[in-house]
Structure formats: C-alpha cells, structure tokens
Amino acid sequence: MKEGYYEEDSDFMPYYLLQKELKQKVISYNDIKGEVRYIAGADVAYNDATKKMVGALVVLDANTLQVVEQQVHEMEVTFPYVPGLFSFREVPPLVEAFKKLQTKPDLIICDAHGMAHPNGMGMATHLGLELDIPTIGCAKSWLVGIYDKSLLGLERGATQPMMWDSKIVGVALRTQDNVKPLFVSVGHRVDLQTAIDWVLKMSPSYRQPETTRQADHLVNSVMKERMEIDFMGDEAVEEPI
DNA sequence: GCGACAG
DNA sequence: ATCTTGTCGC
C-alpha cells in the first residue's frame, strides 16, 4: 500500500492488513490452464431500503459471446462501501453465485479493479484468490495510477500504462473509438496483456465487455423483481380491512 | 499548481 | 451503487 491512502488508526485497519497478506498469494503471470472456453461476467446490485444485495455471475461462450448459464445470489449487505475495501462488500454474494454454477468459467471479468488498487488487492484480485480462478479487473472509473491522458489514442485498442508505487499496475484502455477508457488490470492468474486482449475481444460493440453488460442486466432485472414482490407483499397486508 | 478514491 | 427528463445520434 502506498502511504497516505488511509489513516493509520482507521477502524478498517484489520482489513488493510488482510489485503497485504492476501497479496502475497496473487499470481500475475498467465496461469490459465488450457483453452478459454467460458468467460463469466460478475456484478452486484443493491437495494438501500431492504439492505439487500444481489450478486450475479453470467457465463458466456468465449467465441460466440452467447450466454451459457447464469446464477444469482441474494443476501444481506454486510460491509459498507469504502474505496479500497470494495471486495469485502461484493465478493461474498459472488462466491455464493459461483457455487451454483454448473458450468465453471475459465476466466472472470469483474466490474471493478484488480491490481490497480492502493494495496494491489482490488475486488477482481480478491475474487480470483477466493475462487482460485483467473480474473481480470475492468473498471469504469479511475481509482489509482498515474497515466498521461494526452497520450491515450482515441481509437479502439488504444492503451496507456498506469503507474502506482513505481510499478505498472494496469492500463487505461479504449474499447471503442471516442469513448471514455476502461481501466484494465490483472486480477489473478493472468498477465496484463492477456487481460487487455480478452477485454477487447469481449467488447465488440459497446464500451463495456459483453460479460459485464449481461451481468449488469441480470442483477438489475432480479433487483426489480424483488422490489415488486416486496411491494405486493406490503399491499397484501394493508388491504384487508 | 492541484488533484483524481472501484460500486 | 442509486435517484431521474429530456435529448443527441445511428
């Protein structure tokens, strides 16, 4: 962890220390066994009213990009949103959703950072370690890392390395011409170039990879269903008079 | 010159 | 993340 990111007396210190321990186990070289046939997207949605969250994993065929299987898991929100400790909030429901999958993915693309994180332990990395599955961090917005915005080309495929703590921790990647870049980094058991290649391959027509889009749609629809059910439940008890 | 804080 | 209308472009 680069100094100056969190208070030494933070209540969350135990979690930062746990990240430092976990970081020792991260594999940042290509450790994908065999051919990548299935790639999953992961996402989580929240409901402030009920304090519930829904995590989803959607498995796509790596070549056709068609959905092969999808699983969700709903549970109570157990950890607050703290930049840098995001994984402690979202990994639990994703691990549960993963357990339900019949088709285990060869790779998971997360809607969050991997090593491009103050402690080198973003959600993608944490999830990868937890599941022992190769993961890629693919976030929509910047968290850490210095890069030269003026050197980032406007065309799809353009990249600029992001430096943090004197190391390249990821890249700003343009997945479509003239769109805001995505921030790609190693999660676990993949190298940066492999991560970039897969994100591009999974993003043929939109800014976000198809994996993330599918997972996003799923959690939103499930969340909407849940809210309607809750609403009907309230009506049912109010109505009889 | 300063600063950027995932979802 | 989530809350939300109109609006720009293919």
Side-chain angles (χ1 to χ4, degrees), chain A residues 1-7 10 12 15-16 19 41-57 72-94 97 108-128 135-150 152 160 162-165 169-173 176-188 195 199 204-209 211-213 215-228 230:
Chain A
M1 163 83 76
K2 202 174 172 186
E3 294 305 322
Y5 202 89
Y6 60 87
E7 305 297 326
S10 164
F12 298 110
Y15 297 97
Y16 291 117
Q19 289 185 328
D43 197 18
V44 178
Y46 302 87
N47 183 321
D48 283 327
T50 62
K51 301 297 180 194
K52 292 281 185 65
M53 58 182 168
V54 172
L57 236 40
V72 299
H73 185 80
E74 179 177 24
M75 64 187 286
E76 203 81 25
V77 173
T78 57
F79 204 92
Y81 169 64
V82 181
L85 298 179
F86 192 50
S87 65
F88 294 100
R89 185 174 165 88
E90 296 209 343
V91 164
L94 293 176
I108 299 175
I109 296 179
C110 300
D111 183 21
H113 289 98
M115 295 181 74
H117 168 280
N119 225 350
M121 275 297 301
M123 193 274 267
T125 304
H126 199 149
L127 183 66
T135 56
I136 291 171
C138 183
K140 295 184 294 296
S141 57
W142 181 91
L143 178 59
V144 298
I146 296 171
Y147 70 101
D148 195 330
K149 212 171 177 177
S150 70
L152 179 61
Q160 263 310 297
M162 300 195 293
M163 303 297 291
W164 182 248
D165 207 12
V169 294
V171 300
L173 166 70
Q176 297 296 328
D177 294 348
N178 297 79
V179 299
K180 289 193 298 181
L182 249 32
F183 301 90
V184 178
S185 59
V186 169
H188 182 48
V199 169
S205 15
Y206 298 95
R207 182 169 89 114
Q208 295 231 71
T211 39
T212 301
R213 301 185 71 241
D216 200 70
H217 288 160
L218 181 57
V219 290
N220 284 322
S221 62
V222 170
M223 203 76 252
K224 188 178 177 183
E225 279 178 24
R226 290 287 183 278
M227 290 181 76
E228 283 166 3
D230 292 344

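Throughout, a chain's letter reflects where its sequence line sits, starting with A, and its residues are numbered from 1.
In this structure the side chain of A:V219 never reaches within 4.5 angstrom of the side chain of A:V72, judged on heavy atoms.
A donor-acceptor pair is defined here as one N or O able to donate and one able to accept, closer than 3.5 Å; no such pair exists between the side chain of A:T135 and the backbone of A:I108. A donor-acceptor pair under 3.5 Å is formed between the side chain of A:Q19 and the backbone N or O of A:G84. Formation of a donor-acceptor pair under 3.5 Å by the A:T211 side chain with backbone atoms of A:G41 is not found in this model. Side chain of A:H113 to backbone of A:S141: a donor-acceptor contact under 3.5 angstrom is found. For A:R207 (side chain) and A:P181 (main-chain N/O), a donor-acceptor pair under 3.5 Å exists by modelled atom type. Side-chain N or O atoms of A:D216 include none that pairs as donor or acceptor with a backbone N or O of A:D43 at under 3.5 Å.
Between the NZ atom of A:K149 and the P atom of B:dA4 there is a distance of 14 Å, rounded to whole Å. The interatomic distance linking A:M53 (CE) with B:dG7 (C1') rounds to 12 Å, in whole Å. Here B:dG3 presents its C1' atom at 12 Å from CH2 of A:W164, a figure rounded to the nearest Å. Between the CG atom of A:D48 and the C1' atom of B:dG7 there is a distance of 12 Å, rounded to whole Å. Summarising the geometry, the separation between NE2 on A:H113 and C1' on B:dA4 is reported as 12 Å, rounded to the nearest angstrom. Atom NZ in A:K140 sits about 15 Å away from atom C1' in B:dC5, given to the nearest Å. Summarising the geometry, the separation between OH on A:Y46 and P on B:dG7 is reported as 11 Å, rounded to the nearest angstrom. Look at NE2 on A:H117: it is 16 Å from C1' on B:dA4, rounded to the nearest Å.
The minimum heavy-atom distance between A:G114 and A:S185, with the atom names listed, is N-OG, 2.8 Å. Smallest separation of non-hydrogen atoms from A:R89 and A:F79: NH1-O, 2.7 Å. Between A:Y147 and A:A172, the shortest heavy-atom distance links the atoms CE1-CB, 3.9 Å. Closest approach of A:V54 to A:M223, counting heavy atoms only: CG2-SD, 4.0 Å.
Among the atoms of the strands shown, only primed sugar atoms or phosphate atoms (P, OP1, OP2) are found under 4.0 Å from some heavy atom of A:N220. As judged by a 4.0 angstrom heavy-atom cut-off over every strand, A:L182 is placed among residues making no nucleic acid contact. Among the atoms of the strands shown, none is found under 4.0 Å from any heavy atom of A:G137. Residue contacts for A:A45: at a heavy-atom cut-off of 4.0 Å it reaches the sugar-phosphate backbone alone, with no base atom in range.
When DNA chain C is scanned 5' to 3' for any atom under 4.0 Å from a heavy atom of chain A, the first and last hits are C:dA1 to C:dT2.
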- Item | Base-pairing string, 5' to 3', of DNA chain C - Watson-Crick or wobble, under 3.5 Å, | interstrand | ..........

- Watson-Crick and G-U pairing of DNA chain B, under 3.5 Å, as dot-bracket with | and [ ]: .......

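Taking the six-membered ring for Trp and thresholds of 30 and 60 degrees, A:F88 and A:Y15 have ring planes more than 60 degrees apart, a perpendicular arrangement.
Using a 5.5 Å limit on the distance between ring centres and a 30° limit on the angle between planes, the aromatic ring of A:F86 does not count as stacked on the six-membered base ring of B:dG7.
The side chain of A:S141 places no N or O atom within less than 4.0 Å of a non-bridging phosphate oxygen (OP1 or OP2) of B:dC5.
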